[in-house]
Enquirer: 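Next up is a structure, given as structure tokens.
Since the structure is predicted, the reported quantities are computational estimates derived from the model, not experimental observations. Every chain is numbered from 1 and lettered A, B, ... according to where its sequence line falls, protein lines coming before strand lines.
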Amino acid sequence: MTKVPYLTPVPAPDSAPHLPGLAPQPTAERRAEEVLVVDVSGFEGPLDLLLTLSRTQKVDLMQISVLELADQYLAFVEEARALRIELAADYLVMAAWLAYLKSRLLLPPDPEAEGPSAEELAAHLAFQLERLNAMREAAARLMARDRLGQDRFARGAPETVARQRQVAWQAGLIDLMRAYARLRTRDEFRPYAFDRRDVFTMEQALDRVRGLIGFAGDWTALAAFLPEGWEADPQRRRSATAATFAATLELARQGAVEIAQAGTFAPITIRRRPQ
Amino acid sequence: MSQDETAAADPQRFPPPPLSEQERMVEAILFASAEPMGTREIAARLPAGCDVAEALQALRGRYQGRGVQLARVGDAWAFRTAADLGFLMQESVVESRRLSRAATETLAIIAYHQPVTRAEIEEIRGVAVSRGTLDQLIELDWVRIGRRRQTPGRPVTFVVTETFLDHFGLESARDLPGLAELRAAGLLESRPPGEGMAPGLFRDDDGGDSAAMAEDLFEDE
Amino acid sequence: MSQDETAAADPQRFPPPPLSEQERMVEAILFASAEPMGTREIAARLPAGCDVAEALQALRGRYQGRGVQLARVGDAWAFRTAADLGFLMQESVVESRRLSRAATETLAIIAYHQPVTRAEIEEIRGVAVSRGTLDQLIELDWVRIGRRRQTPGRPVTFVVTETFLDHFGLESARDLPGLAELRAAGLLESRPPGEGMAPGLFRDDDGGDSAAMAEDLFEDE
């Protein structure tokens, strides 16, 4: 069995401790608690996870067994799935690619196949891991240098002879780019406020449909319930349609109406639920 | 000296570093200090058993006749430029002030859209550009007047200068990232600070116009 | 030297001061400034006809082994305390915001692979560059925008700055620790040594780009 590191299931953060002596929890609540959150946030993407897994092989990254690594990664993903953990899409993409690579590595090479061989793909993956590792070590070495303000110091009292006054106007590149971005996206950033006149709320629609549904013993198109004067303007029509549809859903949930649609994009019809 | 006593009283303590090393230490400490430092203050930073007075004396001798002198300031010590070289320092008095928002925005528009007319700047900013703002940018030598636009009225255009590129560490104004790039690089906040708004609300209209904008940029130069 | 010619052409001009005096002047100028100063900037302060490079060389020798050292930072020079004495200045340590792992890795990638595009950084790290990483580095003035890459889409590139060199005590980007070894091992390339084309393996958007990566390295220095 492959050892799967760092898979540390923790309960969902807001789940209350199960106190003895309380009434049994409703199923839904219990199920919610069973959903485990895995701390994959410690990893910065699939490549980082692969690099961590590869360390368990205890060999030089150049000699890494990509096949074994693929197994370890796939085991990790399987484990996560078994625990009903949702993994981010890029982890799943990597899993699919590794499964593909594994199958290619195990099968005899197809002489007809075009593009890079399985060995080349494996070599490239090993290279990527080595390069990431190298950059990580370079970052550590860089940060460990004698740094200004920590190990080396500048003149603490730079001399300024206050005779000729000169003003240096300061502005950084970031300021400049942000100023530009602010200007160009000003419209986007306007606080979202809409004109209430052109919005038909669900409460209004509920009132209206409740009042009219008594007359609709037969299947009636949803459009017939739209308030007067809201059909012409596209924006008002959209708002009224959406609100009315939402209201009918609510009424259907309450058991007051039935909804039918013959096919995709066909008109939606409703009627009062037969008593 | 109280340090000597302490050292004597504590046989476990390391011997003090040699005088030449003490001198190096005092040199570094005084160099990095923002204020003149008294002997006691210096001693507090040094390993136990150092003779600050002697180290200072040696250091003072070493800087005799140099461009920088170890000067006594009241009861304290500090490095000072040699008095006869004061004339070299006159230009170094610079007072830095932040550019106003109006000036920053105007400068950004000129950098991104050059050559650009005043009317165009005003259209983008949505407010009139005051005479003083452009004058300031021209005086800073960040902006200069470019060719006249070949349109009715033949308005003057504004462009950025070499000095501008130098100051902002750019190789050319074309290297400024476009909106889509700013956003992709995370340089553009998706919302103004402090305003609660769903993240990624405007993500989808990303591509279209801003990408086109970056392309268009500078084309008419 | 053009200065000599000017001096020769102008009999009215004073001869430059002797080298020892030039050295004193450069010492005073650099001591007074907390920021590194370029040779040109220094020359502008000195009397005509001075040989800044030679004065700097002499000065550097003089401070060899002292508590304060003359450090080269790209094309500029600055006095800095000797690294081995850092422990004496613990009180002056500027508490800097700890950089995230993502930020330090991104910084290293930019330093070792410069000029590098965002897509290349993402390819090496295997994740998207998160918001705030690049702007933090630019705000620290450790990273700036370089020339656009001459490939489709003309992406913006990033390079490290003089402030970066000063902060990490590097004379130039060529002095990055382990640079030669990394290059020899082929780890600064976009694909393993000897590999034929493995097109677009984990690269979705800018395949062509990364080939240019290794060639561009430090070209604009």
Enquirer: For Asp75(B), look at atom CG and say whether over 12 heavy atoms of other residues, nucleotides or ligands are found less than 6.0 Å away.
Expert: no

Enquirer: Under 3.5 Å, side chain of Arg147(C) to main-chain N/O of Ser172(B), donor-acceptor pair present?
Expert: no

Enquirer: Just how far is it from atom OG1 of Thr81(C) to atom CD1 of Ile29(B), taken to the nearest 0.5 Å?
Expert: 10.0 Å

Enquirer: What part of Asp84(C) gets closer than 4.5 Å to chain B, counting heavy atoms only: side chain, backbone, both or neither?
Expert: side chain

Enquirer: Identify the heavy atoms of Ala32(B) and Met89(C) that sit nearest to each other, and give their distance.
Expert: CB-CG, 3.8 Å

Enquirer: Please work out whether the ring planes of Phe31(C) and Phe31(B) are parallel, tilted or perpendicular, with thresholds of 30° and 60°.
Expert: perpendicular

Enquirer: Tell me, side chain or backbone of Leu85(B) under 4.5 Å from chain C's heavy atoms, or both, or neither?
Expert: side chain

Enquirer: Report, as yes or no, whether the 6.0 Å neighbourhood of atom CD on Glu171(C) holds more than 12 heavy atoms from other residues, nucleotides or ligands.
Expert: yes

Enquirer: So, for Val68(C) and Ala28(B), which heavy atoms are closest and what is the spacing to 0.1 Å?
Expert: CG2-CA, 4.3 Å

Enquirer: In terms of heavy-atom proximity below 4.5 Å to chain B, should Phe87(C) be classed as side chain, backbone, both, or neither?
Expert: side chain

Enquirer: Quick check on Arg154(C) against chain B: is it the side chain, the backbone, both or neither that has a heavy atom closer than 4.5 Å?
Expert: both

Enquirer: If you count heavy-atom pairs under 4.5 Å between each of Met25(C), Arg62(C), Glu23(C), Glu162(C) and chain B, which one has the most?
Expert: Arg62(C)

Enquirer: Side-chain contact, heavy-atom cut-off 4.5 Å: Leu170(B) with Ile145(C)?
Expert: yes

Enquirer: With no hydrogens and no angle check, is any side-chain donor or acceptor of Arg24(C) less than 3.5 Å from a backbone partner on Gly65(B)?
Expert: yes

Enquirer: Is chain B contacted by the side chain of Leu59(C), its backbone, both, or neither, given a heavy-atom distance below 4.5 Å?
Expert: side chain

Enquirer: Using non-hydrogen atoms and a 4.5 Å limit, figure out which bit of Glu21(B) sits close to chain C: side chain, backbone, both or neither.
Expert: side chain

Enquirer: I'd like to know which of Arg80(C), Arg66(C), Glu27(C) tops the heavy-atom pair count under 4.5 Å against chain B.
Expert: Arg66(C)

